[in-house]
Amino acid sequence: MRRAAGETAVTGLLDWLAYDGEDRGWTIADEGQWRRVGYPRLSERVRRVAAACIDAGVRPGAVVSIVESAPERFMTNFFGVLAAGATPNPLAPPLPLQNESAYRQQLSALLAAAAPSAIIVAEELTAVVHPVLESLGGVTIVGTSNETPAVTELPGCEPDRIGLLQFTSGSSGSPKAVRVSVANLEANCAAIDRWLEFRPTDRIATWLPPYHDMGLIGCIITPTILNLDIQAMTPIDFIRDPLSWLSCFGRDGATITATPNFALAYLLRKMTDEALAGMDFDPWRVMIVGAERIDPAILRGFAERLAPYGFDSRTPCPAYGLAEGTLAVSGLRPSEPVQAAAVTPDTGAVDGPFDLMSAPLEDGRRWLVGCGAPLDGVTVRTASTDEYAGAPGELIVGGPSVAREYQTAEGTRDLSRAEDGALATGDAGLLVGGQLYPIGRVGDAVKVRGRTVYAEDIEAAVVEAFGVPANRVVALAGNAFGAARVAVLVEDKPVEAVRLRQVLAGQLGAETSLRLFIGDRGLIARTTSGKPRRRVMWNQLLQGEFDALERS
């Protein structure tokens with residue numbers, strides 16, 4: 001059933017707790033099997049968590065941190081904290097094989113910034129987290145149990161209350177959390193609903209981490225408050241068996257998902273005709289692609305690979321968003337063709353848009369994927385300092401989803417604002433044909449002959465020229481010691497420095513310092529969401545920490 005333009009089914013964040021139908025709920029991957037839990041049972045568990053928070057002394061408005069990776073438990077803990085009138089603060093659990101000491105140091109910094117009065121910790125992570133809590137002091141551990149009576153009268157959440165304390169993806173060194181109000185959350189969920197035109201028959205399939213905005217708001221909060229069916233697995237489940245996630249669509253009939261670009265590249269390497277046999281992707285109507293710059297060749301290759309099995313090239317819905325905007329800022333509407341634009345490396349001239357499926361991607365230009373028009377109620381403009389017409393600029397975003405403040409260990413501070421009060425995102429992009437084309441971070445770039453060259457442009461050139469997997473190369477770009485400087489870090493792949501200089505000559509010219517470093521996996525520092533920690537590595541570069549790995 002299609003709704004009228006501008007109509008949304010999103011109401012309050014907790015209204016779904018009253019849903020008493022067993023026909024919809026969550027289906028969770030559990031040791032190789034799928035286990036279903038209906039919304040009434042989930043609602044009861046949420047009320048038990050709320051009661052446990054209240055019994056532990058959590059007061060309305062207090063921050064409660066959550067360290068949990070299991071999707072079902074995370075969901076009931078998150079909404080339980082909200083139902084208790086408190087502010088949930090999702091924190092990443094330790095990564096597989098992550099050094100416990102390093103994780104505890106990271107967790108300590110995050111908790112110092114969040115300043116929670118209480119914390120909910122997965123039982124299997126208690127031994128790792130407890131020493132941090134003991135060193136900080138003053139943080140109550142909320143114990144949840146099936147024996148806890150479910151609370152019936154809920155404090156609820158007022159629109160001006162902080163409904164989510166959300167750490168930005170780069171929060172590992174100097175953490176800052178976005179103070180997202182209930183009103184921000186409800187506005188963004190409603191905008192996502194209007195964008196994707198959710199239907200009662202939709203089923204969401206997700207493997208994304210629940211503690212980051214894309215997985216949390218896009219794949220948990222929005223579909224839950226709409227009482228949609230959700231099929232959930234963990235990131236580890238996906239890495240171990242990515243085809244089981246694909247079968248959610250090809251065999252189980254899931255219709256909507258969200259994924260970063262690197263997961264599509266991973267799937268392309270793992271898919272075989274034998275594994276795809278019998279799958280039918282015709283019901284799959286939305287695949288949101290975002291969280292990082294999208295490789296047009298990978299997106300097109302994915303669509304072409306699954307086309308014989310019913311996948312529609314209009315299923316991908318590229319999108320742009322950021323934590324400071326709650327989540328979604330722009331997105332291609334369902335059933336619209338994906339667009340691409342070309343940038344000439346040595347002049348910066350922009351050409352397009354083109355239909356991605358027929359664009360000449362191998363013509364030597366840099367290709368960008370269109371991430372749709374701004375969502376309803378969202379405004380986007382660019383502010384450029386480059387010297388040529390049509391140049392990319394910093395994206396300036398406004399609307400009811402935009403938060404007001406960061407929270408840090410030093411206290412709260414306003415988000416960066418443009419002259420008109422809108423959010424200065426720190427991201428660069430283009431507006432072409434009414435669509436937004438994200439490029440990269442403003443601070444991760446160098447000026448060459450009056451134009452800006454972004455780190456992501458350099459990485460794309462290296463991937464294309466040397467066949468390096470996109471997640472194994474990072475470019476660091478900036479100005480230091482009076483000159484424009486670029487460093488390229490590559491994991492597990494031999495790259496010739498002389499050839500690299502030839503490949504990048506058109507972009508960087510002779511005046512830019514260029515260095516190449518090659519090392520084993522682990523050379524590239526990453527955030528908990530897998531993004532490169534460019535500023536951390538830039539500082540390491542300036543301090544000479546990579547010098548032993550340099551190739552000349």
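In this text the structure is predicted, and so the values were computed from the model without any measurement.
- Other residues, nucleotides and ligands contribute over 12 non-hydrogen atoms within 6.0 Å of the CZ atom of Arg417.
- Proximity of a side-chain donor or acceptor of Arg24 to a complementary backbone N or O of Asn227 within less than 3.5 Å is detected.
- Considering Leu226, Leu196, Thr255 as possible partners of Asp202, the one that fulfils the side chain to side chain contact (heavy atoms under 4.5 Å, CB included) test is Thr255.
- The side-chain heavy atoms of Pro40 and Glu22, taken from C-beta on, include a pair separated by under 4.5 Å.
- Note on ring orientation: taking the six-membered ring where Trp is involved, the planes of Trp207 and Phe238 are parallel (angle under 30°, cut-offs 30° and 60°).
- Asn184 contributes no side-chain N or O that, together with a main-chain N or O of Thr326, makes up a donor-acceptor pair within less than 3.5 Å.
- With contacts defined as side-chain heavy-atom distances shorter than 4.5 Å, the pair Met537/Ile524 qualifies.
- Listed for the Ser108 side chain is no donor-acceptor partner under 3.5 Å among the backbone atoms of Gln105.
- Counting only residues at least two apart or on different chains, the salt bridge (Lys or Arg N to Asp or Glu O under 4.0 Å) pairs with a member in residues 120-139 are Arg73-Glu124.
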Salt bridge (charged side-chain N to carboxylate O under 4.0 Å, His left out) between Lys176 and Glu324, worked out: CA-CA 11 Å; Lys176 61 181 184 295; Glu324 290 84 348; 5.3 Å; no
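- A side-chain donor-acceptor contact under 3.5 Å links Gln407 to the backbone of Ala114.
- A 6.0 Å sphere centred on CZ of Arg404 holds no more than 12 heavy atoms belonging to other residues, nucleotides or ligands.
- The shortest side-chain heavy-atom distance between Val37 and Met75 does not fall under the 4.5 Å cut-off.
- Residues Val128 and Val67 form no side-chain contact, since every pair of their non-hydrogen atoms from C-beta on lies 4.5 Å or further apart.
- Nearest heavy-atom pair across Glu292 and Phe262 is OE2-N, 2.7 Å.
- The minimum heavy-atom distance linking Leu91 with Ser65 is given by the pair CD1-CB, 3.7 Å.
- Salt-bridge annotation for Arg203 and Asp23: absent, with no side-chain N of the basic residue lying under 4.0 Å from a carboxylate O of the acidic one.
- Checked by atom type and distance alone, the side chain of Asp237 pairs as donor or acceptor with a backbone atom of Thr234 at under 3.5 Å.
- With hydrogens and angles disregarded, a donor-acceptor distance shorter than 3.5 Å links the side chain of Trp195 to the backbone of Leu332.
- In this structure, the side chains of Leu110 and Phe167 come closer than 4.5 Å at one or more pairs of heavy atoms.
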Side chain to side chain donor-acceptor pair (under 3.5 Å) between Thr315 and Asp312, worked out: CA-CA 5 Å; Thr315 294; Asp312 192 325; 5.1 Å; no
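- Contact between Leu82 and Gly163 at its shortest, heavy atoms only, is CD2-O, 3.6 Å.
- The structure places CZ of Arg35 at 4.5 Å from CG of Asp30, a figure rounded to the nearest 0.5 Å.
- In terms of modelled atom types and a separation under 3.5 Å, the side chain of Thr379 and the main chain of Gly398 share a donor-acceptor contact.
- Between the side chains of Tyr266 and Asn471, no donor-acceptor pair is found at a separation under 3.5 Å.
- Of the possible polar contacts, one joining the Thr425 side chain to the Leu395 backbone as a donor-acceptor pair under 3.5 Å is found.
- The six-membered or imidazole ring of Phe249 lies away from that of Phe311, with a centre-to-centre distance of 6.0 Å or more.
- Proximity of a side-chain donor or acceptor of Asp280 to a complementary backbone N or O of Arg251 within less than 3.5 Å is not detected.
- Without hydrogens or angle criteria, Glu68 side chain to Ile120 main chain gives no donor-acceptor distance under 3.5 Å.
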Chi angles and distances behind the side-chain contact (heavy atoms from CB on, under 4.5 Å) call for Arg36, Asp229: CA-CA 10 Å; Arg36 182 174 172 79; Asp229 275 319; 3.3 Å; yes
